[in-house]
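Scroll down for the structure; my scribbles are underneath it.
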Amino acid sequence: MTWPPALQEVIDEFSEIEDAMERLEVLMDFAEEVDELSEEEWSDENLVKGCQSRAHVVLEKRDNTIWMRAAADSKMVQGLMGILTIAVNGGTVEQVLELTPDFVLEMKVLNTLTPSRSNGFRTMFDMIQKTVKEMK
Amino acid sequence: MTWPPALQEVIDEFSEIEDAMERLEVLMDFAEEVDELSEEEWSDENLVKGCQSRAHVVLEKRDNTIWMRAAADSKMVQGLMGILTIAVNGGTVEQVLELTPDFVLEMKVLNTLTPSRSNGFRTMFDMIQKTVKEMK
Amino acid sequence: MSIRDDFPILNRKVNGESLVYLDNAATTQKPQIVITAMNDYYQNSNANVHRAVHTLAGEATEGYEACRNELKNWFNAGRVIITSGTTESINLVAHAWARANLVAGDAVILTEMEHHSDIVPWQLLAQDIGIELRFVSLNEDLTLDLDAFEASLVGAKLVACVHTSNVLGIRNPIEKIIKMSHANGAKVLLDSAQAVPHEKIDFKDLDADFLACSAHKMCGPTGIGCLLVKEDSFNQMQPFMGGGDMIQTVTISGSTYQENEHKFEAGTPRIAEGVGWAAALKWLSKIDLHSEHLRLLEIARWTAQQIKDIPGMTVFGRHADGDSAVVSFIHDSVHPEDMARLLDARGIAIRTGHHCAQPLMQRLGVEGTMRVSFYLYNNQAEAELLIETMKGIVERFS
Amino acid sequence: MSIRDDFPILNRKVNGESLVYLDNAATTQKPQIVITAMNDYYQNSNANVHRAVHTLAGEATEGYEACRNELKNWFNAGRVIITSGTTESINLVAHAWARANLVAGDAVILTEMEHHSDIVPWQLLAQDIGIELRFVSLNEDLTLDLDAFEASLVGAKLVACVHTSNVLGIRNPIEKIIKMSHANGAKVLLDSAQAVPHEKIDFKDLDADFLACSAHKMCGPTGIGCLLVKEDSFNQMQPFMGGGDMIQTVTISGSTYQENEHKFEAGTPRIAEGVGWAAALKWLSKIDLHSEHLRLLEIARWTAQQIKDIPGMTVFGRHADGDSAVVSFIHDSVHPEDMARLLDARGIAIRTGHHCAQPLMQRLGVEGTMRVSFYLYNNQAEAELLIETMKGIVERFS
Ligand SMILES: Cc1ncc(COP(=O)(O)O)c(C=O)c1O
Ligand SMILES: Cc1ncc(COP(=O)(O)O)c(C=O)c1O
């Protein structure tokens with residue numbers, strides 16, 4: 001698929017990195033892209049179930065565009081959230097629903113998208129789309 | 001192990017046969033060696049459980065020697081009984097208990113001795129030894 | 001390349017003769033691609049699948065879950081629980097669904113042509129919770145008596161029915177059975193162990209509530225099978241076996257369970273087997289199952305007719321359209337076991353015995369039968385060799 | 001030839017680096033001989049094992065039952081029921097023995113270090129028949145509190161206890177536990193999933209009533225495991241799953257069951273898996289497990305000490321004689337999952353998470369740990385690479 005330009009830029013950035021550890025280092029740098037939640041917002045309500053790490057996501061719709069805030073205790077999961085933020089923030093409901101999660105495979109930062117038994121990225125991604133769908 | 005001479009003779013006879021079907025034909029000929037049971041003796045009491053065919057075996061001890069009579073609706077099972085008759089009849093309790101069932105593998109008339117899921121030969125053999133043991 | 005070339009075991013010699021494998025209803029052979037897939041898994045990707053972070057664990061997880069995805073596509077099914085085979089799948093329905101949803105006096109309908117795997121779980125449950133078992137009888141021609149079936153439905157909560165008989169090859173009118181059962185408020189569990197290798201099933205279309213099958217009867221490995229479940233029944237199922245992977249959280253005071261199929265897959269799953277089954281489904285999807293079915297059925301019909309023409313032989317089954325390529329028969333003087341051993345001396349593998357269907361044997365008035373069953377790699381020449389050899393045996397030994 | 005040469009997967013590159021597989025407590029790798037045995041089975045002998053008359057069926061039956069015989073020899077055990085793994089083995093005890101022999105109010109003793117597979121089956125049974133579960137707590141040093149254990153024994157009918165912890169590596173004093181339990185009239189079920197790969201067990205000598213383990217944790221295939229049972233307990237077990245092969249006769253009015261282990265092995269068994277496991281046991285029997293155990297434990301001790309020396313690290317477990325070569329640890333700022341991913345970038349496979357032992361995690365006050373676990377093909381050089389890489393990661397990312 002074709003990705004939103006900002007996301008494509010991130011994919012391109014990753015594709016230039018040869019070393020796997022360096023790739024993860026860059027991933028962790030994206031943790032800073034996340035609009036962080038306050039401590040009180042680390043609530044069960046926003047919890048992404050099935051993650052190994054504690055991960056919380058809050059979504060909001062303003063003027064028909066979607067904005068996410070999030071936090072995780074794993075820096076890499078928060079890095080993934082950062083990339084998701086780039087992919088999602090400011091997009092319309094339709095644009096967010098069009099996304100597929102495989103850009104993380106293209107970036108080679110995850111090796112599987114199978115939900116539930118693997119990392120929680122897929123769960124997080126599905127949860128975001130589900131929430132956004134309900135905002136339609 | 002060393003077999004009783006009469007049994008060894010049978011084993012030698014089989015070892016000379018190259019063709020598998022001929023071997024089975026000879027096996028069936030041994031059905032005639034069995035001292036057959038009367039119809040009334042085809043009873044549940046003498047039934048060899050776990051055989052695919054109906055097989056009945058009766059054992060008797062006379063002057064410290066063992067004698068078997070038997071019958072099966074499968075000619076091949078009855079052939080096996082015939083060979084068992086040769087192996088067992090006239091032997092002492094000790095001699096019968098010394099026997100192992102693998103002579104049928106040596107004869108290449110069966111391809112497995114694993115009890116219960118395979119043919120009933122092993123079950124029959126074990127039952128004979130168990131009965132004979134109780135006659136000690 | 002013919003289909004036969006994909007099966008290394010067909011090069012096997014048995015008693016000096018080329019193997020003629022006609023025991024496919026018991027288990028089918030495996031194409032090289034399936035064997036290789038499992039090999040590759042063990043040589044390159046073996047790892048446990050829980051909470052995969054490292055590379056191998058990711059690959060193993062993908063490999064295992066790919067099996068579920070292949071199954072979902074193959075069957076057009078929403079819920080696919082992976083089990084160790086048809087037998088465990090049926091026991092799973094008995095424990096996870098029936099035990100939680102039936103009460104004493106509720107009736108479960110079975111048929112006289114069920115496999116033991118679809119009888120004993122219900123007898124055990126009946127002892128435990130007092131459900132009533134009703135066995136539907138067969139017509140003269142050994143098809144299911146649909147009038148008797150209809151009559152049995154009063155008060156029935158579940159119909160557990162063989163899709164295609166492993167002894168007779170008869171395919172039950174399952175579409176009708178499902179409609180009639182649902183009209184009477186009964187759910188339907190299909191034992192499709194023998195159907196799945198011969199017909200492509202659309203589970204949503206079919207509208208059955210549960211469907212059980214085994215990989216090993218459709219070119220896949222031993223030790224794995226599945227249960228397809230309709231969503232509403234899935235939601236009525238309670239956990240069966242407890243353990244790793246089926247839980248969400250465990251505390252000393254109690255546990256919560258996964259919401260998806262993993263809830264019923266406790267413990268380390270059949271990973272290599274899943275990889276192998278996925279490969280088998282991919283291999284099968286390149287074959288036109290329907291035209292193969294017609295080809296094999298023709299061979300079975302020819303074989304049945306030829307056997308009938310051998311003096312002393314009786315053939316069971318009708319070999320109508322949709323029936324599987326299975327021929328069961330007896331001879332009035334050659335014992336099945338003797339026949340099987342004599343055929344084996346010529347490299348021909350057939351099965352004998354009660355085929356785990358003793359109530360059907362009683363109905364047929366026999367202790368057991370001989371059974372030949374054809375699959376994708378079999379051909380007319382093999383059927384002809386079988387007939388010729390059997391004729392010789394009957395002449396010589398009867 | 002070194003042991004490593006027998007394992008083809010060790011040639012695998014992960015992210016360009018040689019694989020360093022330190023996730024052996026999750027599952028072990030397979031020597032080529034095991035892979036080849038299953039290959040050979042599928043290429044030459046594949047058939048179903050019920051009522052074997054033809055040659056392939058005979059070979060398959062021998063192959064499968066050889067697994068049981070190898071297990072009987074390996075463990076010096078009288079009764080070996082083949083299951084799909086430790087989890088199913090424990091569930092089998094819960095369903096076939098406990099359900100038939102326990103009543104409401106009877107106590108089953110567990111420990112705080114149990115794997116979910118030895119907790120959830122009992123919670124499910126407790127819901128069903130009202131047995132009481134008692135969890136024995138741990139001492140400061142994370143060993144089992146034997147005083148608490150002794151106190152818990154009053155009124156206990158069964159002690160279900162992990163033999164060696166999959167998280168801590170701690171081997172419980174099972175000999176004492178068995179004696180104390182028997183003195184109080186309680187039977188003992190050992191979850192030996194983690195013990196069996198590291199110590200040769202004499203089941204008769206040990207005198208436990210049940211012992212559960214999995215093939216995949218001892219160089220065997222996925223999808224198979226076993227339950228060892230003492231004769232008197234075996235005779236108290238009622239059928240669990242019903243189906244083909246576990247019956248003697250089936251009629252519409254009722255069934256009778258096999259008297260041997262087949263009674264608990266319904267359906268087509270794990271044939272190829274049995275062949276593979278038998279090959280694994282033969283391979284293992286050529287290795288001096290005890291001296292390997294000592295070698296691996298030394299590596300684990302060294303590793304634990306090195307990890308402790310890394311700033312911010314906490315190590316759980318004591319690595320005493322007899323404990324398995326497992327090291328669990330956390331870091332105060334690097335998340336386990338991040339550590340595992342970073343190590344994976346260098347080809348090093350470790351496991352993270354709750355390891356299916358959430359009550360133990362609660363006791364440790366953590367959500368999960370990192371865990372490295374060594375097996376026969378691991379060596380000191382790999383441990384050194386792990387430590388060096390982790391040091392670099394902690395320096396860079398904490
Ligand atoms: C201590 C312990 N018990 C039980 C199990 C469950 O074994 P399996 O998943 O093979 O059924 C494991 C392995 O995960 C274990 O480590
Ligand atoms: C109709 C039918 N049902 C159930 C089964 C049981 O299948 P499995 O042994 O793979 O569990 C079989 C195969 O033996 C069968 O033919």
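Order of the sequence lines fixes the chain letters, A, B, ..., with proteins taken first and strands second; residue numbering starts at 1 for each chain.
Only the side chain of D:Asn15 comes within contact range of chain C, with at least one heavy atom under 4.5 Å from a heavy atom of that chain. Only the side chain of D:His95 comes within contact range of chain C, with at least one heavy atom under 4.5 Å from a heavy atom of that chain. For D:Met38, the part sitting under 4.5 Å from any heavy atom of chain C is the side chain, from C-beta outward, and nothing else. Neither the backbone nor the side chain of C:Glu114 comes within contact range of chain D, judged by heavy atoms closer than 4.5 Å. For a residue to count as touching a neighbouring chain, one of its non-hydrogen atoms must lie under 4.5 Å from one of that chain's; by this rule D:Gln238 does not touch chain C. Heavy atoms closer than 4.5 Å to chain C are found in the side chain of D:Asp23, but not in its backbone. For a residue to count as touching a neighbouring chain, one of its non-hydrogen atoms must lie under 4.5 Å from one of that chain's; by this rule C:Ile119 touches chain D with the side chain only. Both the backbone and the side chain of C:Thr249 come within contact range of chain D, each with at least one heavy atom under 4.5 Å from a heavy atom of that chain. No part of D:Ser214 comes within reach of chain C, as not one of its non-hydrogen atoms sits under 4.5 angstrom from that chain.
Using a 4.5 Å heavy-atom threshold, the side chains of C:Gln43 and D:Asn11 count as separate. Within the 4.5 Å cutoff, the side chain of C:Pro239 has heavy atoms near those of the D:Leu124 side chain. Inter-residue side-chain proximity for D:Gln123 and C:Ile247 is flagged as unmet; no heavy-atom pair is nearer than 4.5 Å. Residues D:Val250 and C:Pro359 form a side-chain contact, since some pair of their non-hydrogen atoms from C-beta on lies under 4.5 Å apart.
Here the closest heavy-atom approach between residue D:Pro121 and residue C:Gly243 is recorded as CD-N, 4.4 Å. D:Leu56 approaches C:Leu19 most closely through the heavy-atom pair CD1-CD2, 3.7 Å. Among all heavy-atom pairs drawn from D:Arg351 and C:Ala57, the shortest one is NH2-CB, 3.6 Å. The shortest heavy-atom contact between D:Gly244 and C:Cys356 is CA-SG, 3.8 Å. Considering every non-hydrogen atom in both D:Tyr42 and C:Gln29, the closest pair reads O-OE1, 4.4 Å. Closest of all the heavy-atom pairs between D:Ile9 and C:Asn46 is CD1-N, 3.5 Å.
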What's the verdict on side-chain contact (heavy atoms from CB on, under 4.5 Å) for C:Glu273 and D:Glu273, showing C-alpha distance, side-chain angles and the deciding distance?
CA-CA 9 Å; C:Glu273 291 81 351; D:Glu273 291 82 351; 2.5 Å; yes
Applying side-chain contact (heavy atoms from CB on, under 4.5 Å), run through D:Arg12 and C:Ser45 and close with a yes or a no.
CA-CA 9 Å; D:Arg12 165 77 196 257; C:Ser45 306; 4.0 Å; yes
For D:Thr87 and C:Asp245, what are the C-alpha separation, side-chain angles and deciding distance, and is it a side-chain contact (heavy atoms from CB on, under 4.5 Å)?
CA-CA 10 Å; D:Thr87 302; C:Asp245 254 27; over 6 Å; no
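When each of D:Gln362, D:His216, D:Glu112, D:Arg99 is scored by its heavy-atom pairs under 4.5 Å with chain C, the top score falls to D:His216. Chosen from C:His115, C:Gln358, C:Lys30, the residue pairing most often with chain D at heavy-atom distances under 4.5 Å is C:Gln358.
Between D:Leu133 atom CG and C:Ile252 atom CD1 the span is 10.0 Å, to the nearest 0.5 Å. From C:Phe135, atom CZ reaches atom OG of D:Ser253 across 8.5 Å, with rounding to the nearest 0.5 Å. Rounded to the nearest 0.5 angstrom, C:Met246 CE and D:His116 NE2 are separated by 11.0 Å. Atoms CG and OG1, on D:Leu343 and C:Thr55 in that order, are 11.0 Å from each other to the nearest 0.5 Å. Residue D:Ser84 holds its OG atom at 6.0 Å from CE of C:Met241, rounded to the nearest 0.5 Å. We find the NZ-CG distance between D:Lys217 and C:Asn48 to be 6.0 Å, quoted to the nearest 0.5 Å.
Ring geometry for D:Phe240 versus C:Phe240: interplanar angle of 30 to 60°, hence tilted.
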